[in-house]
Amino acid sequence: MLTRPETASRGEAVGLLKDFIAENSFAPGDRLPAERELIGRLGMTRSNLRKALDSLEHEGVIWRHVGKGTFIAGQDDRLDIGLLSDIGHQITPVKMMRARQCIEAVIAREAAINASRQAVKKIIQIKDRARAASSWEEYETQDDLFHYAIAEATDNILLLALFDQLNKVRRAVAVSTVIRETRRPPEDHTSFTEHDRLCAAIEARDPKAAHDAMWQHISSVSARLFGEM
């Protein structure tokens, strides 16, 4: 039986997580328990767990799918994630955002053309949850789900796969810590209006407006985080 201290330090977190995976005989493709369960079973803080998950993802031990969970990687997954991690260490945050702008604008255009009524409803519901978020952490989770739902709405498995790959690079890019001056996004947070515009364009089946709205949204986010685009 795995033994552990009541609260794992940052340095112990990766080792504890690897031991947990080995002890429970997780195989490639298996999904790990949810974060809340891992925190309780491994005796570590949410922050240290996430840092440990980041480390294992960069090593190619696991891979993460927004909205679905964390999975044990196979050999092919390890090669793929390692390559993407290398790209993430070579590209600047601004260039990463420019890649997002190019790819996600096209994804938004295709979503406006192909989204089902159920897909549009899902995008709007997530957008509303992001606006109602009580913390920055909750907002960022919903924001990730919002962008994923738009990619999913294209009904194009290749575009969805490209979006997933782009997200892996985004997570590998080291960016400066964003200093939050409020507990939650303020009511006038610019992304709220930009999300509204995106939803309206997709719901109206207007591909050009959806493309332009996503292009402007990512440009705005980049300018806010990095002061340039």
Side-chain angles (χ1 to χ4, degrees), residues 29 31 57 62-71 73-74 76-77 80-81 83-84 87-88 91 93-133 138-173 185 189-225 229:
R31 183 168 63 182
E57 185 174 28
I62 62 171
W63 61 277
R64 289 183 279 188
H65 191 302
V66 176
K68 293 189 177 181
T70 301
F71 300 84
D76 290 343
D77 296 322
D80 177 56
I81 290 172
L83 175 62
L84 290 168
I87 293 173
I91 194 170
V94 172
K95 287 186 177 180
M96 179 272 295
M97 293 298 286
R98 286 193 63 83
R100 280 193 65 191
Q101 189 178 49
C102 294
I103 295 170
E104 291 196 52
V106 172
I107 285 174
R109 177 187 183 279
E110 290 300 305
I113 295 170
N114 298 296
S116 66
R117 281 183 294 180
Q118 187 61 33
V120 172
K121 181 179 178 181
K122 180 179 179 180
I123 292 168
I124 293 172
Q125 287 174 337
I126 296 171
K127 182 260 296 182
D128 291 342
R129 290 202 299 268
R131 183 184 283 271
E138 182 184 350
Y139 167 77
E140 287 162 1
T141 297
Q142 296 303 324
D143 183 64
D144 284 346
L145 292 173
F146 176 75
H147 284 266
Y148 181 83
I150 292 174
E152 194 175 39
T154 65
D155 193 29
N156 186 316
I157 191 170
L158 180 54
L159 286 177
L160 184 58
L162 287 171
F163 176 83
D164 271 339
Q165 300 304 309
L166 180 63
N167 251 353
K168 289 174 183 175
V169 175
R170 178 179 63 83
R171 288 194 293 267
V173 173
H189 185 48
T190 55
S191 286
F192 292 156
T193 302
E194 291 159 7
H195 286 177
D196 288 341
R197 191 177 300 122
L198 260 168
C199 284
I202 293 171
E203 188 173 23
R205 310 293 179 181
D206 187 333
K208 184 179 186 305
H211 176 283
D212 293 349
M214 182 65 85
W215 184 277
Q216 179 56 44
H217 171 51
I218 294 179
S219 177
S220 172
V221 171
S222 183
R224 188 166 65 248
L225 292 177
M229 185 65 190

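Remember, it's a predicted structure, so these values are computed and weren't measured experimentally.
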State which residues pass side-chain contact (heavy atoms from CB on, under 4.5 Å) with [X]; sequence neighbours excluded, sorted by chain then number.
{"X": "H189", "result": "W136, Y139, P185, P186, S191, F192, R224"}
{"X": "E138", "result": "A133, S134, S135"}
{"X": "D212", "result": "K208"}

For [X] and [Y], which heavy atoms make the closest approach, and how far apart are they?
{"X": "F146", "Y": "I123", "answer": "CE1-CG2, 3.5 Å"}
{"X": "A210", "Y": "A112", "answer": "CB-CB, 3.9 Å"}
{"X": "M97", "Y": "V221", "answer": "CE-CG1, 3.8 Å"}
{"X": "R100", "Y": "I218", "answer": "O-CD1, 3.6 Å"}
{"X": "A108", "Y": "L198", "answer": "CB-CD2, 4.1 Å"}
{"X": "S220", "Y": "E194", "answer": "OG-OE2, 2.8 Å"}

Evaluation steps, side-chain contact (heavy atoms from CB on, under 4.5 Å), between E152 and K122: CA-CA 10 Å; E152 194 175 39; K122 180 179 179 180; 2.8 Å; yes
So do the side chains of T190 and H217 get within less than 4.5 Å of each other, counting heavy atoms only?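 Heavy-atom side-chain distance check fails, nothing below 4.5 Å.
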Any heavy-atom pair between the side chains of L160 and Y148 that's under 4.5 Å?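 The answer is yes, as the side chains (C-beta and beyond) meet within the 4.5 Å cut-off.
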Separation of [Y] [atom2] from [X] [atom1] (nearest 0.5 Å):
{"X": "W63", "Y": "T70", "atom1": "CH2", "atom2": "OG1", "value": "9.5 Å"}
{"X": "I126", "Y": "L145", "atom1": "CD1", "atom2": "CG", "value": "5.5 Å"}
{"X": "L162", "Y": "N156", "atom1": "CG", "atom2": "CG", "value": "8.5 Å"}
{"X": "I150", "Y": "R109", "atom1": "CD1", "atom2": "CZ", "value": "15.0 Å"}

Would you say L158 has more than 12 foreign heavy atoms packed within less than 6.0 Å of its CG?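 Enclosed: over 12 neighbouring heavy atoms sit under 6.0 Å from CG of L158.
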If you count heavy atoms of other groups shown closer than 6.0 angstrom to CZ of R205, is the number above 12?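 Counting other residues, nucleotides and ligands, CZ of R205 exceeds 12 neighbours.
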I107 vs M214, side-chain contact (heavy atoms from CB on, under 4.5 Å): CA-CA, chis, key distance, verdict: CA-CA 9 Å; I107 285 174; M214 182 65 85; 6.0 Å; no
Stepwise side-chain contact (heavy atoms from CB on, under 4.5 Å) check, F163 with I103: CA-CA 8 Å; F163 176 83; I103 295 170; 5.9 Å; no
Given 3.5 Å as the limit, does a donor-acceptor pair link the side chain of S222 with the main chain of S219, or not?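 A pair under 3.5 Å: no.
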Identified side-chain hydrogen bond (donor to acceptor under 3.5 Å, both in side chains) counterpart of D143 within the set K127, H195, R129: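 Single side-chain hydrogen bond (donor to acceptor under 3.5 Å, both in side chains) partner of D143 among K127, H195, R129: H195.
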Let me see the working for F71 and I62 under side-chain contact (heavy atoms from CB on, under 4.5 Å), right down to the final yes or no. CA-CA 5 Å; F71 300 84; I62 62 171; over 6 Å; no
Can you sort out the partners of R131 under salt bridge (Lys or Arg N to Asp or Glu O under 4.0 Å), two or more places apart, ordered by chain and number?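 Residues passing salt bridge (Lys or Arg N to Asp or Glu O under 4.0 Å) with R131: D196.
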Contacts of type salt bridge (Lys or Arg N to Asp or Glu O under 4.0 Å), residue D155, not counting sequence neighbours: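 D155 satisfies salt bridge (Lys or Arg N to Asp or Glu O under 4.0 Å) with no residue once adjacent residues are dropped.
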Please output the side-chain donor-acceptor pairs of residues 113-121 that fall under 3.5 Å, not counting sequence neighbours, one pair per line with the distance.
{"unit_1": "N114", "atom_1": "ND2", "unit_2": "E110", "atom_2": "O", "d": "3.0"}
{"unit_1": "N114", "atom_1": "ND2", "unit_2": "E110", "atom_2": "OE1", "d": "3.3"}
{"unit_1": "S116", "atom_1": "OG", "unit_2": "A119", "atom_2": "N", "d": "3.0"}

